[in-house]
Amino acid sequence: MSPADDASNPGRHEGGPSRYDAAAVEARWRAAWDEAGCFRASRDDARQKYYVLEMFPYPSGRIHIGHVRNYAMGDVIARYKRATGFTVLHPMGWDAFGMPAENAAMERGVEPAGWTRENIAVMKDQLALMGLSLDWSREIATCEPDYYGQQQALFLDMMEAGLVARRASMVNWDPVDNTVLANEQVIDGRGWRSGALVERRELTQWFFRISDMADELLEGLDSLEKWPEKVRAMQRNWIGRSEGLELRFDLTPDARAPEWTGRDGRGVEVYTTRPDTIFGAGFLGLSPDHPLAKAIAAQNQEVAAFCEEARRGGTTEAALETAEKTGVDTGLRARHPFVDGRELPVWIANFILMDYGSGAIFGCAAHDQRDLDFARKYGLDVLPVVAPSDADEDFTVDAEAYTGPGRLINSRFLDGMTIEEAKAEVISRIAATGRGRARVNYRLRDWGVSRQRYWGCPIPVIHCATCGVLPAPRENLPIRLPEKVSFDQPGNPLDRMPEWTRVACPACGAEARRETDTMDTFVDSSWYFARFTAPHAETPTDRDEAGYWMNVDQYIGGVEHAILHLLYARFFARAMIRTGWLPATCAEPFDALFTQGMVCHETYRAADGRWLTPEEVERRDGATVERATGAEVSVGPSIKMSKSKKNVVSPEAIVATHGADAARWLMLSDSPPERDVEWTASGVEGAARHIQRVWRLVDGAADALGQAAFIGADAEISLRRATHRAIAGVTADIESFAFNKAIARLYEFAAAIGQSGEAAGPAARREALETLALLHMPFTPHLAEEMRARLGLGGLAAEAPWPQADPTLLRADTLRLPVQVNGKRRGEIEVPTDADPAAVEAAALADADVHRALAGAKPRKVIVVPGRIVNVVV
RNA sequence: GCGGACGUGGCGGAACGGUAGACGCAGCGGACUUAAAAUCCGCAUCCUCCGGGAGUGUGGGUUCGAGUCCCACCGUCCGCACCA
């Protein structure tokens with residue numbers, strides 16, 4: 001039985017169009033799609049492939065409206081591409097490792113694995129309600145051994161390829177989550193998840209050597225033309241390339257630091273991007289973490305106390321904001337490289353970072369604001385060496401450093417040069433002496449991936465007392481995470497499981513210990529897009545499948561991942577090329593990126609300050625009141641939905657009352673996809689109203705259509721023109737990601753059909769309604785199926801080809817052209833579409849309104865823009 | 001401070017340099033109805049002496065013609081921020 005037979009549509013009754021029962025209709029068609037298996041991705045050499053991917057969700061247990069918008073966008077693309085002849089890969093999975101599962105374990109005594117799997121099951125059911133055209137046979141969850149075991153194999157490959165490092169480093173320690181954070185995960189001195197103030201500790205950590213690829217990752221950005229400029233700019237800033245000079249200053253011999261000074265001393269390496277200001281150098285500055293600073297601190301109480309204080313203050317938000325520059329004089333002296341006898345004092349200063357450059361600078365107070373603030377505070381020299389072109393003889397710097405362009409002064413052999421000339425000259429002279437060289441520096445640091453957590457991918461290495469750190473044997477992969485664990489003590493439960501950590505050394509066979517650190521969950525999401533091409537392969541990827549499906553043609557997700565996730569994924573793609581898991585063409589794995597805006601809602605607050613959910617309030621006599629009490633509530637601005645402000649709507653509730661199609665429709669209408677969209681009750685109702693109207697159009701007309709031929713009447717042609725204009729317009733709008741405009745055209749098209757009437761004839765009306773169904777398919781897929789079935793068509797809308805616009809119907813015979821006089825609109829003429837410019841000009845000048853506006857003046861010039869406008873200039 | 005995006009009716013937003021305000025929401029009027037809901041049709045930037053005039057954050061400029069391009073401001077949002 002066809003799903004559209006009247007017997008299965010209890011909403012129909014005699015005497016008029018039925019009401020469209022979304023809940024019943026939608027479930028029926030989802031079952032039909034499942035049965036037909038029409039969303040399963042399959043290789044097909046007769047078609048072009050298209051890989052569309054939305055960022056996979058963390059299985060928190062509940063989908064939210066932001067997911068609906070994100071996945072609805074991807075689904076429009078997937079369905080449209082399928083209809084236009086592509087073989088489409090549109091997969092879904094779960095970013096399933098991470099802290100919330102451990103928190104749930106600690107708070108509720110559940111096991112992270114079970115908790116996560118239950119959440120996945122619930123969310124999968126909720127997602128299913130949306131009618132997304134996903135290939136669920138490729139579902140992956142990063143917490144399953146199938147997946148993380150392959151990730152361990154990748155880790156071992158990356159070790160062999162020299163992409164992994166293990167070293168002691170100062171780390172950002174989150175004292176609440178008890179874990180290490182990457183620099184990117186520290187926001188304003190606080191953990192990105194816990195919000196706790198981050199401390200600095202030294203630990204031995206695993207790193208991916210992403211900074212080795214800094215240049216490649218930077219250059220690659222230029223080729224990403226289909227990425228938002230904003231994201232590329234953010235990545236560029238993050239990588240932070242700078243060009244400068246690395247230069248060693250000799251220190252005058254000093255007994256307090258014999259290793260660094262004197263005949264065989266090491267001196268101090270500094271990095272500068274302003275080598276031209278070398279003659280303005282007033283002091284040398286060291287980071288409190290600099291080895292020389294530490295050496296001095298070891299024998300000097302005052303210096304030790306200062307370094308301790310600077311380190312502590314360094315990460316607090318307050319310290320960063322007040323940002324007062326402080327320092328301590330070490331008493332050491334450095335020799336100026338070009339001026340015999342000039343010596344610079346060596347200071348330790350709190351604003352110098354150990355992990356950038358060499359952890360030491362030369363301070364040029366006149367041309368760097370930080371150095372100037374510091375010099376003024378401690379009475380150090382301020383000697384200007386660059387003067388703007390309009391400066392007089394004795395140019396000086398007062399409270400503001402001069403950082404603009406100009407010519408060198410007070411600089412011996414550099415005097416008169418531009419900054420660029422002086423830079424080159426200094427670099428070449430320093431290089432000639434062997435004291436230094438030109439150097440490119442990056443802000444980007446290596447990616448620390450060790451996490452002292454349980455619920456993550458175990459790092460597959462073994463620690464042996466005699467053999468050192470060894471990779472786990474490949475035949476033992478996956479290193480499974482034990483699922484029975486206890487969280488009754490703080491810290492990582494793996495540390496307390498000798499039966500898991502005890503292992504034989506793969507080299508000598510003696511008892512050894514497994515690594516108990518797990519990987520940052522950003523690792524999991526750095527290659528899932530590649531795994532989707534062969535989700536069940538026994539190796540990380542199947543090279544053949546990856547070669548076929550990669551790259552992702554369209555990636556869609558939130559702009560909050562603009563830096564971290566996307567940079568890591570770009571790094572991983574390169575690492576997987578080097579280890580042979582991806583073809584060389586995949587260095588940039590996402591051809592096009594789209595970042596969608598957030599979903600916002602008004603906020604409601606009761607007089608006593610309680611936040612209220614949208615369900616708890618209603619409109620009564622023009623006021624917004626709390627449903628339960630009738631008391632008026634204050635309505636706040638529409639902001640991003642968040643649990644704390646309670647301005648959230650539940651996708652399930654919306655789907656239950658209005659249907660998934662209405663929710664999808666609303667999420668795509670009105671606002672451009674890249675901008676925030678507002679969820680309003682009237683908006684949902686409007687969406688649901690449109691769906692009912694479209695259904696009535698079909699249901700009311702279907703029985704009278706039959707199979708007739710075109711008759712050639714004016715009304716028929718006019719309806720057919722509307723139909724083909726809608727095809728052309730909606731197609732162009734989907735292609736350019738302008739879903740809101742596509743939807744506006746569908747409103748117009750539906751209105752045009754509604755007004756067309758009997759005179760248009762059954763053939764044109766059938767064509768219009770069938771087209772209406774197809775054009776709705778990417779947006780409201782269930783409705784489209786129901787419409788087509790009601791029109792007596794076989795097969796599925798999901799598998800039907802996209803309609804083609806007939807170019808002859810896109811052009812009218814005549815055209816209304818506005819006529820301007822001196823740039824102001826004065827009249828309108830109707831001319832044949834193919835009229836030549838001379839005829840159009842004549843018609844324009846003959847128009848009565850134009851004639852009146854001219855008021856007898858003689859046209860000097862007439863500009864005819866074919867098909868657009870006429871402008872008469874007097 | 002640096003980088004980026006953006007400023008259009010009551011609101012969300014349309015507009016290859018060519019009729020500013022498509023489409024939707026809210027509003028107003030009408031039809032249908034005993035009435036309401038639903039539905040359908042219509043009106044809606046402002047001013048006006050009804051000829052027109054003004055109007056896309058502000059001020060200039062380029063152009064036959066500017067919301068759109070250029071310059072300078074003002075404002076909003078986002079990201080980064082002691083990176084030498």
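Convention: sequence-line order gives letters A, B, ...; per-chain numbering from 1.
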Inset, instruction - Step through it carefully: locate the ring centre of Trp347(A), locate the ring centre of Phe374(A), and say whether they are under 6.0 Å apart. - result: yes
For [N], does either OP1 or OP2 sit under 4.0 Å from a side-chain N or O belonging to [X]?
X: Gln755(A); N: C41(B); value: yes
X: Tyr271(A); N: A84(B); value: no
X: Arg675(A); N: C6(B); value: no

Legend entry - Trace of the side chain to side chain contact (heavy atoms under 4.5 Å, CB included) decision for Glu841(A) with Val870(A): CA-CA 7 Å; Glu841(A) 180 175 333; Val870(A) 180; 5.9 Å; no
Legend entry - Residue pairs passing the side-chain hydrogen bond (donor to acceptor under 3.5 Å, both in side chains) test where at least one lies in residues 851-866 of chain A, sequence neighbours excluded: Asp849(A)-Arg852(A)
Legend entry - Under the side chain to side chain donor-acceptor pair (under 3.5 Å) test, residues paired with His690(A) that sit two or more places apart: His776(A)
Inset, instruction - List in chain and number order the residues that pass side chain to side chain donor-acceptor pair (under 3.5 Å) with Gln235(A), two or more places apart in sequence or in another chain; answer none if no residue qualifies. - result: Arg570(A)
Can you check the distance between [N] and [M], where both ends of the measurement are the [atom1] atom (answer in whole Å)?
N: G75(B); M: G27(B); atom1: C1'; answer: 30 Å
N: C43(B); M: C23(B); atom1: P; answer: 11 Å
N: G17(B); M: A66(B); atom1: P; answer: 15 Å
N: C69(B); M: A14(B); atom1: P; answer: 15 Å
N: C32(B); M: A38(B); atom1: C1'; answer: 11 Å
N: G29(B); M: G18(B); atom1: C1'; answer: 35 Å
N: C47(B); M: G60(B); atom1: C1'; answer: 26 Å
N: A72(B); M: C28(B); atom1: P; answer: 47 Å

Quiz: residues 224-234 of chain A side-chain donor-acceptor pairs under 3.5 angstrom, not counting sequence neighbours:
from      : atom 1 : to        : atom 2 : distance (Å)
Trp227(A) : NE1    : Phe590(A) : O      : 2.8
Glu229(A) : OE1    : Arg232(A) : NH2    : 2.9
Glu229(A) : OE2    : Arg236(A) : NH1    : 3.3
Arg232(A) : NE     : Leu224(A) : O      : 3.4
Arg232(A) : NH1    : Leu221(A) : O      : 3.0
Arg232(A) : NH1    : Leu224(A) : O      : 3.3

Just by modelled atom types, is the [Y] backbone N or O under 3.5 Å from a matching donor or acceptor in the [X] side chain?
X: Gln369(A); Y: Ala401(A); result: yes
X: His367(A); Y: Thr403(A); result: no
X: Asn350(A); Y: Thr326(A); result: yes
X: Tyr378(A); Y: Gly327(A); result: yes

Quickly work out the [X] [atom1] to [N] [atom2] distance and round it to whole Å.
X: Lys423(A); N: A84(B); atom1: NZ; atom2: C1'; answer: 12 Å
X: Phe739(A); N: G13(B); atom1: CZ; atom2: P; answer: 17 Å
X: Glu685(A); N: A38(B); atom1: CD; atom2: C1'; answer: 13 Å
X: Trp695(A); N: A38(B); atom1: CH2; atom2: C1'; answer: 18 Å
X: Arg236(A); N: G3(B); atom1: CZ; atom2: P; answer: 13 Å
X: Ile427(A); N: A84(B); atom1: CD1; atom2: P; answer: 14 Å
X: Trp347(A); N: C82(B); atom1: CH2; atom2: P; answer: 22 Å
X: Leu666(A); N: A26(B); atom1: CG; atom2: C1'; answer: 15 Å

Without placing hydrogens or testing angles, list every side-chain donor-acceptor pair under 3.5 Å for residues 747-755 of chain A, not counting sequence neighbours.
from      : atom 1 : to        : atom 2 : distance (Å)
Tyr747(A) : OH     : Trp665(A) : NE1    : 3.1

Inset, instruction - Verify whether one side chain among Tyr271(A) and Glu269(A) offers a donor that lies under 3.5 Å from an acceptor in the other. - result: no
Inset, instruction - Check the pair Trp695(A) / Asp21(A) against side chain to side chain contact (heavy atoms under 4.5 Å, CB included), numbers first and verdict last. - result: CA-CA 10 Å; Trp695(A) 171 249; Asp21(A) 178 1; over 6 Å; no
Legend entry - Qualifying residues under ring-ring contact (aromatic ring centres under 6.0 Å, His included), relative to Phe249(A), sequence neighbours excluded: none
Inset, instruction - Strictly below 4.0 Å, heavy-atom distances to any atom of RNA chain B: list the hits from residues 274-293 of chain A, or just say none. - result: Arg274(A)
What N/O pairs connect the protein and nucleotides 76-79 of chain B at under 3.5 Å? Give each pair on its own line.
from   : atom 1 : to        : atom 2 : distance (Å)
C78(B) : O2'    : Lys230(A) : NZ     : 3.4

Inset, instruction - Starting at the 5' end of nucleotides 15-24 of chain B, put B wherever the base has a protein heavy atom under 4.0 Å, S where only the sugar-phosphate does, and a dash everywhere else. - result: SB-BB--BSS
Extract from the structure each pairing of a protein N or O with an N or O of nucleotides 50-53 of chain B at less than 3.5 Å, listing the distance.
from   : atom 1 : to        : atom 2 : distance (Å)
G52(B) : OP1    : Arg852(A) : NH1    : 3.1
G53(B) : OP1    : Arg826(A) : NH2    : 3.3
G53(B) : OP2    : Arg826(A) : NH1    : 3.3

Legend entry - Arg376(A) CZ: over 12 foreign heavy atoms closer than 6.0 Å: yes
Inset, instruction - Evaluate whether atom NZ of Lys377(A) has more than 12 neighbouring non-hydrogen atoms of other residues, nucleotides or ligands under 6.0 angstrom away. - result: yes
Inset, instruction - For Pro228(A), report the nucleic acid contact type (base, sugar-phosphate, nothing); a contact means any heavy atom under 4.0 Å. - result: nothing
Inset, instruction - For Val873(A) and for Arg443(A), locate the closest nucleotide of RNA chain B by heavy-atom distance; then report the residue assigned to the nucleotide nearer the 5' terminus. - result: Val873(A)
Inset, instruction - Just label G9(B) as syn or anti from its O4'-C1'-N9-C4 or O4'-C1'-N1-C2 angle, using within 90° of 0 for syn. - result: syn
Inset, instruction - Name the orientation of the base relative to the sugar in G61(B): syn if the glycosidic angle is within 90° of 0, else anti. - result: anti
Inset, instruction - Measure the acute angle between the ring planes of His561(A) and His565(A), then classify it against the limits of 30° and 60° as parallel, tilted or perpendicular. - result: perpendicular
Inset, instruction - Grab the stems for RNA chain B, please: at least three consecutive Watson-Crick or wobble pairs, both distances below 3.5 Å, written as range with range. - result: B:1-7 with B:74-80, B:10-12 with B:23-25, B:27-31 with B:39-43, B:45-47 with B:52-54, B:57-61 with B:69-73
Would you list the atom pairs, donor with acceptor, under 3.5 Å between side chains in residues 276-284 of chain A and any protein atom, with sequence neighbours excluded?
from      : atom 1 : to        : atom 2 : distance (Å)
Asp276(A) : OD1    : Arg274(A) : NE     : 3.1
Asp276(A) : OD2    : Arg274(A) : NE     : 3.3
Asp276(A) : OD2    : Arg274(A) : NH2    : 3.0
Thr277(A) : OG1    : Arg274(A) : O      : 2.8

Legend entry - Out of C25(B), G3(B), C82(B), whichever nucleotide has its closest atom nearest the side chain of Ala233(A): G3(B)
Inset, instruction - Would you mind telling me which of C82(B), A84(B), U39(B) lies closest to the side-chain atoms of Thr273(A)? - result: A84(B)
